[in-house]
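Written below as structure tokens is the structure these notes are about.
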Amino acid sequence: DTGVSQDPRHKITKRGQNVTFRCDPISEHNRLYWYRQTLGQGPEFLTYFQNEAQLEKSRLLSDRFSAERPKGSFSTLEIQRTEQGDSAMYLCASSRSGTLSSGNTIYFGEGSWLTVV
Amino acid sequence: QKEVEQDPGPLSVPEGAIVSLNCTYSNSAFQYFMWYRQYSRKGPELLMYTYSSGNKEDGRFTAQVDKSSKYISLFIRDSQPSDSATYLCASGGSYIPTFGRGTSLIVHP
């Protein structure tokens, strides 16, 4: 049973370029989350999917950000026209279906570090 | 005011000490409580999960929840240098956990 896998682990890009991160969740998990974490802060929710349906998006997810999960398996998070303020660690997490108040919980990947120069 | 608050520390203790990490939350609808450990430049690792008031123990770790005061604690017994990390508490409603900013713990030999 492999954990949540994220790729790439590190990305340095120039301001204005587009970047894409990929997440492969734990195989039997049908819920997938994206969070963003900056230095000294906790993870902040961006969006989550139940299978291929994107069920909720945070106000942090500006129109330059788009997330997809086309077949309900892996997911991609794309950032267009990157800005220096986008520099952060982008975390993917997954969980089984069912509410988190029923004993279910979420498991994180190792994150994808983005540096915009 | 953030929905989940933690003192960022750092908290520095000698090896073998009992560590107390604390967290408060403001939303009465929050139903579950989790503690994650995060090493530098790594993803958070789940340590403890609970959804009721009271204590839950797992090895050297004990999670304590007081819903009446919206107060969450994590105790670490016999702390080790390898416990040096940032500890994140999280809570939420049905589907989306909200995280605190984390408390940095340093256990020195």
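The analysis underlying the following values was restricted to heavy atoms, covering all of them including side chains, and did not include hydrogens, waters or symmetry mates.
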Q | chain B neighbours within residues 14-24 of chain A, where any heavy atom lies under 4.5 Å away | A | none
Q: Take atom NZ of A:Lys11 as the centre, draw a 6.0 Å sphere, and report whether it contains more than 12 heavy atoms from other residues, nucleotides or ligands.
A: no
Q. Should we say atom CD1 of A:Ile12 is surrounded by more than 12 heavy atoms from elsewhere, each under 6.0 Å from it?
A. no
**Q.** Taking every non-hydrogen atom, the tightest pair across B:Tyr95 and A:Leu100
**A.** O-CD1, 3.3 Å
Q) Distance from A:Thr105 atom OG1 to B:Tyr32 atom OH, nearest 0.5 Å? A) 8.0 Å
Q | Main-chain N/O of B:Lys42 paired to A:Glu110 side chain as donor or acceptor, under 3.5 Å | A | no
Q. Applying the 4.5 Å side-chain criterion to the ILVMFWY set and letting contacts propagate, would B:Phe33 and B:Tyr49 be lumped into a single cluster?
A. no
Q. Which bit of B:Pro8 comes within less than 4.5 Å of chain A, counting heavy atoms only: side chain, backbone, both or neither?
A. neither
Q. What about B:Val4 and B:Tyr51, same hydrophobic cluster or not, with Ile/Leu/Val/Met/Phe/Trp/Tyr joined at side-chain heavy-atom distances under 4.5 Å?
A. no
Q) Does any heavy atom of chain A fall under 4.5 Å from the side chain of B:Gln6, the backbone, both, or neither of them? A) neither
Q: Answer yes or no: is there a side-chain heavy-atom contact under 4.5 Å between A:Phe45 and B:Thr98?
A: no
N/O donor to acceptor pairs below 3.5 angstrom from side-chain atoms of residues 82-90 of chain B, sequence neighbours left out:
unit_1, atom_1, unit_2, atom_2, d
B:Asp83, OD1, B:Arg60, NH2, 2.9
B:Asp83, OD2, B:Arg60, NH1, 2.9
B:Asp83, OD2, B:Arg60, NH2, 3.3
B:Asp83, OD2, B:Gln80, N, 2.8
B:Ser84, OG, B:Pro81, O, 2.9
B:Ser84, OG, B:Val107, N, 2.9
B:Tyr87, OH, B:Asp83, O, 2.6

Q: Check each atom of B:Tyr36 against the heavy atoms of chain A and say whether the ones under 4.5 Å are side chain, backbone, both or neither.
A: side chain
**Q.** A:Glu56 versus chain B, the contacting section by heavy-atom distance below 4.5 Å
**A.** side chain
Q) Would A:Tyr33 and B:Phe99 count as a close aromatic pair, with their ring centres under 6.0 Å? A) no
Q. Checking A:Gln37 against chain B: side chain, backbone, both or neither under 4.5 Å from a heavy atom?
A. side chain
Q | hydrophobic_cluster_shared for B:Leu11 and B:Phe61, side chain cutoff 4.5 Å | A | yes
Q. Closest heavy-atom contact between B:Arg41 and A:Arg9?
A. O-NH2, 3.7 Å
**Q.** For the student: nearest non-hydrogen atoms of B:Pro97 and A:Ile106, plus distance
**A.** CG-CD1, 3.8 Å
Q. When clusters are formed by joining ILVMFWY residues with side-chain heavy atoms under 4.5 Å apart, either directly or through shared neighbours, do A:Val4 and A:Leu32 land in the same one?
A. no
(Q) Is there a path of hydrophobic side-chain contacts, each under 4.5 Å between heavy atoms of I/L/V/M/F/W/Y residues, joining B:Met34 to B:Val19? (A) no
Q: Mind ranking A:Cys92, A:Gly109, A:Pro43, A:Gly111 by heavy-atom pairs under 4.5 Å with chain B and telling me who comes out on top?
A: A:Pro43
